[in-house]
Amino acid sequence: MAQRLLPSGHLLEMFMPYRKDEKRMLEVLKKAVEPGFYKGVELGSFFDRYNRMYVRDILESNGLNGTTFVTPYVKERKLSLCDLDESRRREALELVKEHANYAAECGYTNFGIPSGDDPGDEKRAEAKKRMAESMVEAANYVKELGLNLTLEPLDRYAFKKQLIGPMKESMIWFAPIHEACPNAYIHWDSAHEALGQTDLMRSIEFAAPYIAQFHLCDAITNENHPCFGDLHMDVARAPEWKTEGFLTPEVGAQILRKVASYDKPAGVKNVYVSVEVLGHPGDDLWLKENHARAFLKKCFELASMEV
């Protein structure tokens with residue numbers, strides 16, 4: 001294999017009910033890294049400067065990579081980096097920069113941004129131009145902070161209906177952005193590709209030169225099913241490992257092997273993979289984390305890859 005993949009824990013998503021309770025999220029981080037399985041973690045922003053210092057200390061003392069996504073904060077403000085209204089696009093960029101500063105202080109490596117809603121056929125080309133401008137400005141800004149910028153292509157026509165979606169088209173659009181900003185990369189997600197009816201292996205082939213991190217995320221792709229869509233559903237569990245979605249451990253292992261068969265993108269120290277499942281208020285969140293970790297271990301095992 002061309003590269004070794006490393007397991008990461010998407011703590012922001014699994015412990016989403018705690019997102020605004022920074023003290024609780026710090027305890028989650030401390031407990032989650034104790035077993036030593038995760039080599040990276042995905043977290044939200046921390047607004048208290050002492051909490052940011054605490055996060056950095058945990059990451060550094062445990063040799064962990066840190067990733068964050070500005071997505072929930074941008075969505076809360078109903079902003080978009082591809083907005084055709086220039087004042088609103090500037091507002092989105094300023095929010096991104098604010099959170100990039102927090103990310104740098106936390107010691108994170110990767111900083112993820114969303115593309116925004118697809119405006120439809122007539123306005124799509126202009127929106128993609130605006131998004132490219134936003135990406136270049138954001139990438140140059142975070143570069144000065146020591147961060148990589150990542151963009152996650154989503155499904156355009158099935159569920160999330162975001163601007164940057166179909167992988168082949170997206171990579172044609174993205175290539176000149178990466179050339180201008182080598183610290184800009186792609187975050188690949190299995191659920192969006194499956195929902196977009198894209199062959200997973202072909203999708204990875206298109207994105208491989210730019211994949212800095214990726215998610216194993218299950219989804220039910222049957223539009224007639226009441227749980228259709230990108231709901232960040234729970235993963236299959238031992239001993240049956242069954243799911244109503246598409247993501248069996250065998251499929252997860254196939255994805256791992258495919259990504260690992262390519263060289264790491266230049267400028268990326270390691271490529272990390274995490275399982276994306278959403279925690280809801282009232283869930284046993286640590287049980288959810290336990291299942292996600294077991295699933296990821298199973299995928300590595302079936303792929304005959306060292307953790």
Practice item. Return yes if a side-chain donor-acceptor contact under 3.5 Å exists between His232 and Asp230, otherwise no. Key: yes
Exercise for review: Would you please say whether a donor-acceptor pair under 3.5 Å links the side chains of Gln162 and Asp117?
Suggested key: yes
Practice item. Could you tell me whether Lys39 sits above the aromatic face of Tyr272, with NZ or CZ closer than 6.0 angstrom to the six-membered ring centre and within 45 degrees of the axis? Key: no
Could you list the donor-acceptor pairs under 3.5 angstrom formed between side-chain atoms of residues 168-175 and any protein atom two or more places apart in sequence or on another chain?
from: Glu169; atom 1: OE1; to: Arg156; atom 2: NH1; distance (Å): 3.2
from: Glu169; atom 1: OE2; to: Lys128; atom 2: NZ; distance (Å): 2.8
from: Glu169; atom 1: OE2; to: Arg156; atom 2: NH1; distance (Å): 3.3
from: Glu169; atom 1: OE2; to: Arg156; atom 2: NH2; distance (Å): 2.6
from: Ser170; atom 1: OG; to: Gly165; atom 2: N; distance (Å): 3.4
from: Ser170; atom 1: OG; to: Gly165; atom 2: O; distance (Å): 3.4
from: Ser170; atom 1: OG; to: Pro166; atom 2: O; distance (Å): 2.7
from: Trp173; atom 1: NE1; to: Lys128; atom 2: O; distance (Å): 3.1

Practice item. Flag this pair as yes if the NZ/CZ of Arg52 is under 6.0 angstrom from the six-membered ring centre of Phe46 and inside a 45 degree cone about the axis; otherwise no. Key: no
Check your understanding: Do His192 and Phe159 have ring centres separated by under 6.0 Å?
Key -> no
Check your understanding: With a 3.5 Å cut-off and no angle check, do the side chains of Glu98 and Tyr102 form a donor-acceptor pair?
Key -> yes
Review point. Do Glu42 and Thr67 have side-chain atoms, one donor and one acceptor, less than 3.5 Å apart?
Key: no
Check your understanding: Shared ILVMFWY cluster between Phe69 and Val142, side chains joined below 4.5 angstrom?
Key -> no
Review point. Same cluster for Leu231 and Phe15 if Ile/Leu/Val/Met/Phe/Trp/Tyr side chains link at under 4.5 Å?
Key: no
**Study point:** Pair Asn110-Thr150, side-chain donor/acceptor within less than 3.5 Å
**Key:** no
Review point. Salt bridge check: are Lys123 and Glu126 linked by an N-O gap of less than 4.0 Å?
Key: no
Check your understanding: Quick one: do Val33 and Tyr108 end up in the same hydrophobic cluster if we chain Ile, Leu, Val, Met, Phe, Trp and Tyr together by side-chain heavy atoms under 4.5 Å apart?
Key -> yes
Point to revise | Candidate pair Arg89 and Ser134, rule side-chain hydrogen bond (donor to acceptor under 3.5 Å, both in side chains), full reasoning | key: CA-CA 8 Å; Arg89 188 178 75 88; Ser134 294; 2.8 Å; yes
Exercise for review: Check the angle between the aromatic planes of His187 and His215 and answer parallel, tilted or perpendicular using the 30° and 60° thresholds.
Suggested key: perpendicular
Check your understanding: Looking only at side chains, do Ser203 and Trp188 share a donor and an acceptor under 3.5 Å apart?
Key -> yes
